[in-house]
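Have a look at the structure below, then the notes.
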Amino acid sequence: MTEKKAHIIVVSNEKGGTGKSTISMHLAVKLLYEGFSVATIDLDGRQGSLSKYIENRRRFCENNKYSLPCPDHHKMSVNENFSAIAEEKRKLNTLISSLSAQFDAVIIDTPGTKNYLFEEAHKYADTLITPVSDSLIDLSVLADIDFYKDKIEAPGPYANFIWDVKKSLAAQGRTYLNWIVVGNKLSNYNSKNKNIVFSHLEKMSKLYGFRFLHGLKDRVIYKELFLEGLTVLDMNQDCLKLKLSVSHIAAKREIRNLAEFICPEK
């Protein structure tokens, strides 16, 4: 196997609708603007949100004769044929190994439900980014919480899965997984519900070994830019001739904070 070079970032949660593809795309573009070479893998090939985002970007650049950075993109989807699982895992392993030798970073966007490709990707993670909203429902994948007693009763299904991942990585001599739980699609209001969610995430971070970042607010701009494959990081490009609004500037700051948060403090 070729010696690994890339830092592998897996964006994952055992729940759909948390904004994994938006984070994956913005992080990829952020790294590209910083001068790093980046490859992306969409393992939710059936829904293909990240693949569609990148396709929109390429079409927008082609139609308008623009030159914007774009990651080297690959897509895989689950094969329903049970006998093909071993071969599909082998293909993913070969793809990750090949990209690792060619790029500075490989970002893997996973589906919202656990399957064999989802599980296989985590074996390669250097950094794991788990987006969650400020909803009590989102907390259930991380922990079973008794809200009346304000007590975390037990790890949730996703936290248990990541514990198994950590044990598997440790068996390979990799004793550290940079696990980041990042708030995403957060409401703009300082509600009681949001405060409860953040309070429990801070407690869980100490119990389950992740770092928590408040993250990205629920901004219309993220949804609007998807149609043209753009990110908030593209807004100051001369070719686009777009004016930066207060929302654009705040969103850029959120993405920058996430990129900087990936590097753990020494």
Side-chain angles (χ1 to χ4, degrees), residues 1-15 18 20 23-24 27-28 31 36-44 50 74 76 78 85-132 141-144 152 154-182 201-213 215 258-266:
M1 181 181 296
T2 306
E3 185 178 353
K4 176 181 168 182
K5 172 190 174 186
H7 186 93
I8 298 180
I9 302 169
V10 176
V11 184
S12 166
N13 192 341
E14 205 170 330
K15 181 182 182 299
T18 58
K20 294 186 294 293
I23 285 181
S24 296
L27 188 55
L31 292 173
F36 296 102
S37 58
V38 181
T40 49
I41 304 175
D42 185 354
L43 293 184
D44 195 3
L50 179 60
H74 303 263
M76 290 187 67
V78 169
I85 290 179
E87 176 62 17
E88 291 297 297
K89 285 184 178 181
R90 186 193 66 76
K91 287 181 181 179
L92 178 59
N93 294 338
T94 299
L95 175 61
I96 293 174
S97 297
S98 175
L99 295 176
S100 294
Q102 301 176 59
F103 294 89
D104 297 315
V106 177
I107 300 174
I108 305 176
D109 187 23
T110 63
T113 54
K114 189 165 65 171
N115 56 44
Y116 62 86
L117 292 179
F118 176 104
E119 294 177 348
E120 200 69 16
H122 285 75
K123 297 178 181 179
Y124 292 87
D126 296 307
T127 292
L128 172 64
I129 299 177
T130 301
V132 296
V141 298
L142 290 172
D144 179 13
I152 298 173
Y158 184 74
N160 274 323
F161 169 69
I162 299 304
W163 174 242
D164 289 337
V165 169
K166 288 184 174 184
K167 289 190 291 184
S168 175
L169 293 176
Q172 303 172 37
R174 296 168 57 193
T175 57
Y176 178 72
L177 172 65
N178 183 26
W179 184 16
I180 298 169
V181 173
V182 56
L201 285 171
E202 294 287 1
K203 293 175 184 176
M204 279 186 256
S205 69
K206 298 176 178 63
L207 289 172
Y208 304 149
F210 60 78
R211 296 185 297 134
F212 174 56
L213 177 68
L258 173 59
E260 292 175 352
F261 198 75
I262 288 176
C263 299
E265 295 180 0
K266 299 298 182 182

Grab the two heavy atoms, one from [X] and one from [Y], that are nearest each other, plus how far apart they are.
| X | Y | result |
| --- | --- | --- |
| Ala121 | Leu92 | N-CD2, 4.2 Å |
| Ala143 | Ile152 | CB-CG2, 3.9 Å |
| Val11 | Ser24 | CG2-OG, 3.4 Å |
| Gln102 | Lys5 | O-NZ, 4.1 Å |
| Thr40 | Ala28 | CG2-CB, 4.0 Å |
| Ile180 | Ile262 | CD1-CA, 3.6 Å |

With side chains defined as the heavy atoms from C-beta onward, is the minimum distance between [X] and [Y] less than 4.5 Å?
| X | Y | value |
| --- | --- | --- |
| Met204 | Leu201 | yes |
| Leu128 | Val165 | no |
| Val106 | Ile96 | no |
| Ile162 | Tyr208 | no |

How long is the span from the [atom1] atom in [X] to the [atom2] atom in [Y], to the nearest 0.5 Å?
| X | Y | atom1 | atom2 | value |
| --- | --- | --- | --- | --- |
| Leu95 | Ile41 | CG | CD1 | 4.0 Å |
| Asp109 | Leu43 | CG | CG | 7.5 Å |
| Leu177 | Thr127 | CG | OG1 | 7.5 Å |
| Lys89 | Glu120 | NZ | CD | 5.0 Å |
| Ile129 | Thr18 | CD1 | OG1 | 11.5 Å |
| Leu169 | Asp126 | CG | CG | 9.0 Å |

Side chains of Thr130 and Asn13, donor plus acceptor under 3.5 Å |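 No, no side-chain donor-acceptor pair sits under 3.5 Å.
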Which is it for Val78 and Tyr116 under the side chain to side chain contact (heavy atoms under 4.5 Å, CB included) test, yes or no, and what are the steps along the way?
-> CA-CA 8 Å; Val78 169; Tyr116 62 86; 3.6 Å; yes
Please check if the side chain of [X] supplies one atom and the backbone of [Y] the other of a donor-acceptor pair under 3.5 Å.
| X | Y | result |
| --- | --- | --- |
| Ser98 | Thr94 | no |
| Tyr158 | Lys15 | no |
| Ser37 | Asp104 | yes |
| Ser168 | Asp164 | no |
| Lys20 | Leu50 | no |

Is the gap between the ring centers of His7 and Phe36 under 6.0 Å?
->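 When the ring centroids of His7 and Phe36 are compared, they turn out to be at least 6.0 Å apart.
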Decide side chain to side chain contact (heavy atoms under 4.5 Å, CB included) for Val181 and Ser205; before the verdict, give the C-alpha distance in whole Å, the side-chain angles of both, and the deciding distance to 0.1 Å.
-> CA-CA 8 Å; Val181 173; Ser205 69; over 6 Å; no
Pair His122-Ile108, side chain to side chain contact (heavy atoms under 4.5 Å, CB included): steps then yes or no | CA-CA 9 Å; His122 285 75; Ile108 305 176; over 6 Å; no
Hey, what's the ring geometry for Phe118 with Phe161, parallel, tilted or perpendicular (30° and 60° as the breaks)?
->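 Rings of Phe118 and Phe161: tilted, as their planes differ by 30° to 60°.
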